[in-house]
Each structure stands twice: as structure tokens, then as C-alpha cells.
Amino acid sequence: AVKDQLKNVKHIQASEKAFAAIRPDGSIVTWGHSEYGGNSSAVQDQLTNVREIQATERAFAAILADGSVVAWGNPNAGSYIGPVISEKLKNVQRLAASHGAFAAILSDGSVVSWGLHRYGGDNSAVQDQLVYL
């Protein structure tokens, strides 16, 4: 049961209808509506050494210890990370989320975003302004 896995939780994050918690060993436990990220079984084997989690309305993203990102939930709300974005998501330091998109700050201070364009998933128009100062 989920209740038995929720001991010494380090961090918890909510989407609109689900939760994700970082356990002491860096693994994740999720519960709630599966279409809102409450079921992470498709990526559970990748969710080790998790440092941080963020959520959109219907998806979650996690930064792993190696600086990579794993996402799950509704693909239309940020859980789909295509190959172009995936290649850029290296040395991720922080994550932020809007209603339907994620943004990551990389170690060089640059920003990568993905998800629904109308919620900020495409930052190409301002990419030149997103530089490390």
C-alpha cells in the first residue's frame, strides 16, 4: 500500500489530481489519478536517486542525481520529452512548471522548456535573453 511507503518523505509535489513523493532512498512513490501522473510504473525503474520533482496540471518531472530528467503523466501536459529536448536536458540544476509545461535551468545557466507551447513549452522567442548573468 502507498501508506506504507510514505515514511521519512523528503519532498512531496502535487499535480491537479495526483501526488509524487521522494523517499529517503531517492526513489519516488506516486498515487492519485493515473492520467494526472498518479501512476509512474512506466518509468519507475528510471526514478532512482531523485533530487527534485515538479508538476504541471497533469504531469510530473524529476531531476536525477546525474542531472538528467524523467517525466511521466499526460503527454499533452509535459510528460513527453522528445529526442531534441532530451538531448539538451543535461546537467539540470532546477525545474519549474506552469499549467502545462516544464522549464529546466542547466548548469551553464541556460533554460530548456518543453510541453504545451501556450503554457511556455516553447521558449525559442526569448532564448537569447535566457543567458547566465
Side-chain angles (χ1 to χ4, degrees):
V2 169
K3 179 178 151 184
D4 298 332
Q5 299 176 58
L6 295 176
K7 294 182 173 40
N8 301 312
V9 169
K10 293 171 38 178
H11 180 76
I12 194 166
Q13 188 69 43
S15 68
E16 184 178 315
K17 296 182 181 181
F19 291 93
I22 302 176
R23 297 173 55 190
D25 65 358
S27 65
I28 295 282
V29 60
T30 57
W31 68 99
H33 198 297
S34 62
E35 292 180 23
Y36 291 75
N39 181 352
S40 58
S41 60
V43 295
Q44 195 65 43
D45 61 330
Q46 299 171 59
L47 292 171
T48 58
N49 300 311
V50 174
R51 287 191 349 231
E52 180 183 332
I53 48 178
Q54 283 292 340
T56 64
E57 176 193 33
R58 297 178 179 223
F60 290 93
I63 303 174
L64 307 184
D66 66 0
S68 64
V69 173
V70 176
W72 67 97
N74 188 308
N76 294 321
S79 76
Y80 175 72
I81 302 173
V84 172
I85 297 298
S86 181
E87 187 61 34
K88 295 178 182 179
L89 288 175
K90 309 275 191 246
N91 301 310
V92 174
Q93 303 300 301
R94 296 298 309 261
L95 285 173
S98 70
H99 187 75
F102 291 102
I105 300 174
L106 308 184
S107 61
D108 66 359
S110 63
V111 175
V112 175
S113 64
W114 70 97
L116 293 174
H117 292 198
R118 70 180 176 266
Y119 295 117
D122 178 7
N123 66 0
S124 59
V126 295
Q127 187 65 48
D128 292 346
Q129 299 170 57
L130 299 173
V131 294
Y132 186 72
L133 300 176

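Not measured: the values here are computed from a predicted model.
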Taking distance alone, no hydrogens or angles, what donor-acceptor pairs closer than 3.5 Å link side-chain atoms of residues 78-85 to residues at least two apart or in another chain?
from  : atom 1 : to    : atom 2 : distance (Å)
Ser79 : OG     : Gly73 : O      : 3.0
Ser79 : OG     : Asn74 : O      : 3.2

Could you list the donor-acceptor pairs under 3.5 angstrom formed between side-chain atoms of residues 2-13 and any protein atom two or more places apart in sequence or on another chain?
from  : atom 1 : to    : atom 2 : distance (Å)
His11 : NE2    : Gln13 : OE1    : 3.4

Distance-only donor-acceptor hits, side chain of residues 40-47, under 3.5 Å, sequence neighbours excluded:
from  : atom 1 : to    : atom 2 : distance (Å)
Ser40 : OG     : Thr30 : OG1    : 3.0
Ser40 : OG     : Gln44 : OE1    : 2.6
Ser41 : OG     : Asn39 : OD1    : 2.8
Gln44 : NE2    : Ile28 : O      : 2.8

Worksheet item: Between Leu106 and Val112, does a side chain to side chain contact (heavy atoms under 4.5 Å, CB included) hold up when you go through it step by step?
Response: CA-CA 8 Å; Leu106 308 184; Val112 175; 3.8 Å; yes
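Between the OG atom in Ser113 and the CD1 atom in Ile105 there is a gap of 12.0 Å [rounded to 0.5 Å].
The shortest non-hydrogen separation linking Leu95 to Ala104 is CD2-CB, 3.8 Å. Counting all heavy atoms, side chain and backbone alike, Ala18 lies closest to Gly37 at CB-C, 4.0 Å. In terms of heavy-atom proximity, Ser27 sits nearest to Asp25 at OG-OD1, 2.6 Å. In this structure, Ala77 and Ala59 approach most closely via the heavy-atom pair O-CB, 3.5 Å.
Hydrophobic clustering (side-chain heavy atoms under 4.5 Å, transitive across Ile, Leu, Val, Met, Phe, Trp, Tyr) keeps Ile63 apart from Ile53. A single hydrophobic cluster is seen to contain both Val50 and Val70, as judged by linkage of ILVMFWY side chains at heavy-atom distances under 4.5 Å, directly or through other members. Tracing side-chain contacts under 4.5 Å through hydrophobic residues (I, L, V, M, F, W, Y), one reaches Phe102 starting from Val92; they form part of the same cluster.
Every residue two or more places apart in sequence or in another chain was checked for a side chain to side chain donor-acceptor pair (under 3.5 Å) with Ser86, and none qualifies. Evaluation of the side-chain contact (heavy atoms from CB on, under 4.5 Å) rule for Ser68 yields Leu64, Asp66 as partners, not counting sequence neighbours. Every residue meeting the salt bridge (charged side-chain N to carboxylate O under 4.0 Å, His left out) condition with Glu52, not counting sequence neighbours, appears here in chain and number order: Arg94. Residues passing the side chain to side chain donor-acceptor pair (under 3.5 Å) test with His117, sequence neighbours excluded: none. In this structure, the ring pair (Phe, Tyr, Trp, His ring centres under 6.0 Å) partners of His33, at least two apart in sequence or on a different chain, are Tyr36.
Residues Ser15 and Arg58 form no side-chain contact, since every pair of their non-hydrogen atoms from C-beta on lies 4.5 Å or further apart.
The salt bridge (Lys or Arg N to Asp or Glu O under 4.0 Å) pairs that include a residue from residues 13-24 number zero, where partners must be two or more places apart or lie in different chains. Counting only residues at least two apart or in different chains, ring-ring contact (aromatic ring centres under 6.0 Å, His included) contacts with residues 53-78 comprise Phe60-Trp72.
Summarising the hydrophobic clusters (Ile, Leu, Val, Met, Phe, Trp, Tyr; side-chain heavy atoms under 4.5 Å, direct or chained), the residues clustered with Tyr119 are Leu116.
Applying the 6.0 Å contact sphere to NZ of Lys88 captures no more than 12 heavy atoms from other residues, nucleotides or ligands.
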